[in-house]
Amino acid sequence: MNLLHKIQSNILSILKSMYADKAFAESDIQISPNKTQNKGDYTVLIFPLAKKAGKNPTELGNEIQSGLKNLFPELGFEAIGGFLNIVMNDQFWKDSLEALLATDFQKMFPENDKTVLVEYASPNTNKPLHLGHIRNILLGWSIYRLLQRLGYNVVKTQVVNDRGIAICKSMLAWQKYGEGRTPASEHVKGDHFVGEYYVLFESKFQEEYKQFQLTEEGKDCFDQRKKQEQSEKEFFTEYKNQYFNNQSTLGREARAMLLKWEEGDPAVRSLWSMMNGWVLEGFEQTYTNLGVDFDKVYFESETYMLGKQIFLENIDNGIFYKKTDGSVWINLENQGLYHKLVLRSDGTSVYITQDTGMADIRYEEYQYDSCIYVVADEQDYHFKVLFEICKALKAPYADGLHHLSYGMVELPSGRMKSREGTVVDADDLIAEVINEATKNASERNELIDLPQEEQNEINRKVGMAALKYHIIKVNPKKKMIFDPKESVDLQGHTGPYIQNAFVRISSVLRKLESEVTTDFIAYNPINEDEKELLMQLSAYKGVISNAAESYDPSVLANYTYSLAKSFHKFYHNHSILKAESPDAKSFRLSLSKVVATILADAMHILGIEMPEKM
RNA sequence: GGCUUCGUAGCUCAAUUGGAUAGAGCAUCUGACUACGGAUCAGAAGGUUGCAGGUUCGAAUCCUGCCGAAGUCACCA
């Protein structure tokens, strides 16, 4: 048993013997690292215990202290106010290091037979991926790795929105103006190629709309429908969707195409599958660059009609109700929500219909215990409704559904808007950070002797670490302000800073002629920097479970930085290879090895690779 | 307007889930390579944790009320 744990259970026995009637439990006794200037490595919080015992904290602290002094004469204790500080001895630190050396971090947690689905990415096939997708993807990926580490069987899925009016817009634009061009003929990545036609459609539509505004019809429209005090500009901005749906030629053509698609028209279907193929190929390349993949991909074109049946079957039993116009609803007022439409009056489905059906077929396929939807917080309400619907249906998976809601990514100038062209493209960003890393590498001379291919690989790892770490270090719940300038930073609280700690250790280990041994019995005293490292290393397991259980990879990211920081400090203050004694050398080498192992492991969970040199 | 979330250094983020003197990085200023990699280290400066109450041994964290920001409340996705 670990010494800390032993102290904890002895405090419990002391309390039990003194206050037999109070029912103390081990969980009442909180021991945390001491971060103050006061003497002591760890601190026992006396206040909660004093409250339960009905005793003055100072007195109780002294009582516990004298009890522990007898049991652990080799340790130091100091009771200050409501805190009891403990000074560990060198043996404790050496035992900690040996325990760490013996740990297989891959197997810290026992396997369990539970299955978790993680849904992330989920793009539309009319535009390339952007910065928002990157945050989503990095979150999904690290949650997958975290839960996997906790012993779950994790299935990575995405739902591709590959149908609907938006998709038809780019198809129509290509048909009208594409002149047979392809991604191959233009040497453009498929998703960007199709995205250009989506943008082209929008601009052609805007042209048409502007023309319309100058016609008699347009002017009449403004005069008849404008609200009081509304300017022409304001009116037409607001009226745009109505114009698209009721008057626009392009709008009519796009809707006609959607209708043909739904009827299964062979020409439209083949155009559709060709263009979607281009986009998906482009996505695949971006996923590869981001280092992520999926076990199962669902296409909305195959699932959008699901769910309808479920609602129709549950009208008679009163879960859903039908209005006179034929639309189907559910009343969620008792859950603090509103009435929600689940089927249109014409019998077609809405988004929530499809999501309900999706939850169902996935359950049939995987019998999952839990399903995590990684989706931005603008859809919080949607998921509340969805989960309540599943509960109302008494679905066996209803209690396992979880929305991992994350804040949207904004630029220093505000929210990204495709109309204003302020969307940060994923591929561009990736290229930029790698470029920046390459530029930086060429300014120093560490890689100069390596083959070009190897240099490229290292620069890629460093650039991607900068980008990924910059995003994943922020608490998912919070919206984040993404400054492109800061994202390519390679110094300070960044991914490359952490990689550099690993690189330094790798470099030290390379210089070593013999194996690292664990002969450090005679090493003392353990210095403060070493203690600091050992405390952090011992906390690793707790950090992992904390991050996984709160669905928050940023916990792990920040831990990794703090560990790297402690290492840099240690490295600066103490010589490893030229340590004062063989035992000191072997202690520091062992310590460094564990630091490298944990840094690499933690970063791996976050989807960040470690180079040996940089 | 209803509901939800968020306001911490000039900027971007932390704070062991209610614990001791609120910590990092960037930017600014100063110092450290004849040390195992300076993408590093040490230091200075920077704060009424939006405001006002309350709860208690103790509050950035919990409660109430204001102020401010964002999201959402579609027969959109």
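Naming convention: chains lettered A, B, ... in sequence-line order (proteins, then strands); numbering from 1 in each chain.
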Does the side chain of A:Arg504 get closer than 4.0 angstrom to OP1 or OP2 of B:rG38 through an N or O atom? yes

Does the base of B:rC75 carry an N or O that pairs as donor and acceptor with the side chain of A:Ser345 under 3.5 Å? yes

Can you pull every protein N or O that's under 3.5 Å from an N or O on nucleotides 69-71 of chain B?
unit_1	atom_1	unit_2	atom_2	d
B:rG71	OP1	A:Arg415	NH1	2.9

Distance, C1' atom - from B:rA69 to B:rA45, rounded to whole angstrom: 30 Å

Please pick, from B:rC36, B:rC41, B:rU12, the nucleotide with the shortest atom-to-atom distance to any side-chain atom of A:Ser507. B:rC36

Nearest to the A:Tyr561 side chain among B:rC13, B:rG25, B:rG37, which nucleotide is it? B:rG25

Mind checking the P distance from B:rA14 to B:rC6? Whole angstroms is fine. 12 Å

Could you measure between the two P atoms, the one in B:rG50 and the one in B:rA15, and give it in whole Å? 15 Å

Between the base of B:rU40 and the ring of A:Tyr497 - centre-to-centre under 5.5 Å, planes within under 30° - is that a stack? no

Closest to the A:Asn500 side chain: B:rG2, B:rU40, B:rC41? B:rU40

Which whole-number value in Å describes the distance from A:Tyr571 OH to B:rA35 C1'? 8 Å

Under 4.0 Å, heavy atoms only, any strand: does A:His574 hit a base, just the sugar-phosphate, or nothing? base

To the nearest angstrom, the CE-C1' distance between A:Met358 and B:rA77 comes to 13 Å

B:rU17 glycosidic torsion: syn (within 90° of 0) vs anti: syn

Any chance you could lay out the side chain to side chain contact (heavy atoms under 4.5 Å, CB included) test for A:Leu332 and A:Tyr338, step after step, and finish with the verdict? CA-CA 5 Å; A:Leu332 294 173; A:Tyr338 304 99; over 6 Å; no

Go through the structure and list residues passing side chain to side chain donor-acceptor pair (under 3.5 Å) with A:Ser506, not counting sequence neighbours. none

Any chance NZ of A:Lys322 has more than 12 other-residue heavy atoms, nucleotides or ligands included, within less than 6.0 Å? no

On a whole-Å scale, what distance lies between the P atoms belonging to B:rG19 and B:rG38? 38 Å

When rounded to whole Å, the CE to P distance for the pair A:Met480 and B:rU12 reads 11 Å

For atom NZ of A:Lys384 and atom C1' of B:rC73, their distance in whole Å: 11 Å

For A:Ser487, give me all partners under side chain to side chain donor-acceptor pair (under 3.5 Å), at least two apart in sequence or on another chain. none

So what does A:Glu486 hit on the nucleic acid, given a heavy-atom distance under 4.0 Å: a base, only sugar-phosphate, or nothing? sugar-phosphate

Whole Å only: how far is the NZ atom of A:Lys477 from the C1' atom of B:rC13? 14 Å

Say we look at B:rA44 and B:rU4: how far apart would their C1' atoms be, to the nearest angstrom? 43 Å

Output a table of nitrogen or oxygen pairs between the protein and nucleotides 27-31 of chain B separated by less than 3.5 Å.
none

Apply side chain to side chain contact (heavy atoms under 4.5 Å, CB included) to residues A:Val159 and A:Ser122 and explain how you reach the verdict. CA-CA 5 Å; A:Val159 181; A:Ser122 302; 4.1 Å; yes

Shortest side-chain distance from A:Tyr338, nucleotide among B:rC36, B:rC41, B:rG2: B:rG2

Separation between the P atoms of B:rA52 and B:rG43, rounded to whole Å: 34 Å

Between B:rU12 and B:rU21 - P atom distance, rounded Å: 28 Å

Among the candidates B:rG2, B:rA77, B:rC36, find the nucleotide nearest to the side-chain atoms of A:Tyr351. B:rA77

From CG of A:Leu337 over to P of B:rU4, roughly how many Å is that when rounded to an integer? 11 Å

Pair listing, salt bridge (Lys or Arg N to Asp or Glu O under 4.0 Å) test, anchored in residues 498-515 of chain A, at least two apart: none

Hey, does the side chain of A:Asn445 reach the backbone of A:Ile448 with a donor-acceptor pair shorter than 3.5 angstrom? no

Please verify the inter-ring angle class for A:Trp261 with A:Tyr304; under 30° counts as parallel, over 60° as perpendicular, anything in between as tilted. tilted

Please identify each residue that fulfils side chain to side chain contact (heavy atoms under 4.5 Å, CB included) with A:Asn456, with sequence neighbours left out. A:Gln452

Considering residues at least two apart in sequence or located in another chain, which fulfil the ring pair (Phe, Tyr, Trp, His ring centres under 6.0 Å) criterion with A:His470? A:Phe482

Examine distances only and state if a side-chain atom of A:Asn85 and a backbone atom of A:Thr43 form a donor-acceptor pair shorter than 3.5 Å. no

Partners of A:Leu450 by side chain to side chain contact (heavy atoms under 4.5 Å, CB included), sequence neighbours excluded? A:Leu447, A:Glu454, A:Gln455, A:Ile458, A:Lys613

Under 3.5 Å donor-acceptor, A:Arg344 side chain and A:Val328 backbone: no

So, OP1 or OP2 of B:rG25: does either fall under 4.0 Å of a side-chain N or O from A:Lys565? yes

Atom CD1 of A:Ile481 and atom C1' of B:rC6 are separated, to the nearest Å, by 11 Å

When rounded to whole Å, the CG to C1' distance for the pair A:Asn440 and B:rU40 reads 14 Å

Using the C1' atom on both, measure B:rA59 against B:rG53 and round to a whole Å. 14 Å

Spell out protein contact along nucleotides 14-21 of chain B as letters: B when the base is contacted, S when just the sugar-phosphate is, - when no protein heavy atom is under 4.0 Å; keep the 5' to 3' order. S-BB-BBB

A:Arg344, nearest nucleotide to its side chain (from B:rC73, B:rC76, B:rU40): B:rC76

Is the backbone of A:Asn558 close enough, under 3.5 Å, to the side chain of A:Ser562 for a donor and an acceptor to pair up by distance? no

Could you provide the dot-bracket string of RNA chain B, using ( ) for intrastrand pairs, [ ] for crossing pairs and | for bases paired to another strand, with Watson-Crick or G-U pairs below 3.5 Å? (((((((..((((.....[...)))).(((((.......))))).....(((((..]....))))))))))))....

Sugar-phosphate only, base, or nothing, as touched by A:Lys578 at under 4.0 Å among non-hydrogen atoms: sugar-phosphate

Applying a 4.0 Å non-hydrogen cut-off, can you work out what A:Val350 is touching in the nucleic acid: base, sugar-phosphate, or nothing? sugar-phosphate

So A:Phe387 and A:Tyr373, would you call those rings parallel, tilted or perpendicular, with 30° and 60° as cut-offs? tilted

Side chain to side chain contact (heavy atoms under 4.5 Å, CB included) partners for A:Val555, two or more places apart: A:Val543, A:Ala547, A:Asp552

Residues in side chain to side chain contact (heavy atoms under 4.5 Å, CB included) contact with A:Ser575, at least two apart in sequence or another chain: A:Lys578

Using a heavy-atom cut-off of under 4.0 Å over every strand shown, decide if A:Val543 touches base, sugar-phosphate, or nothing. nothing

Judged by each residue's nearest nucleotide on RNA chain B, which is more toward the 5′ side, A:Phe482 or A:Ser575? A:Phe482

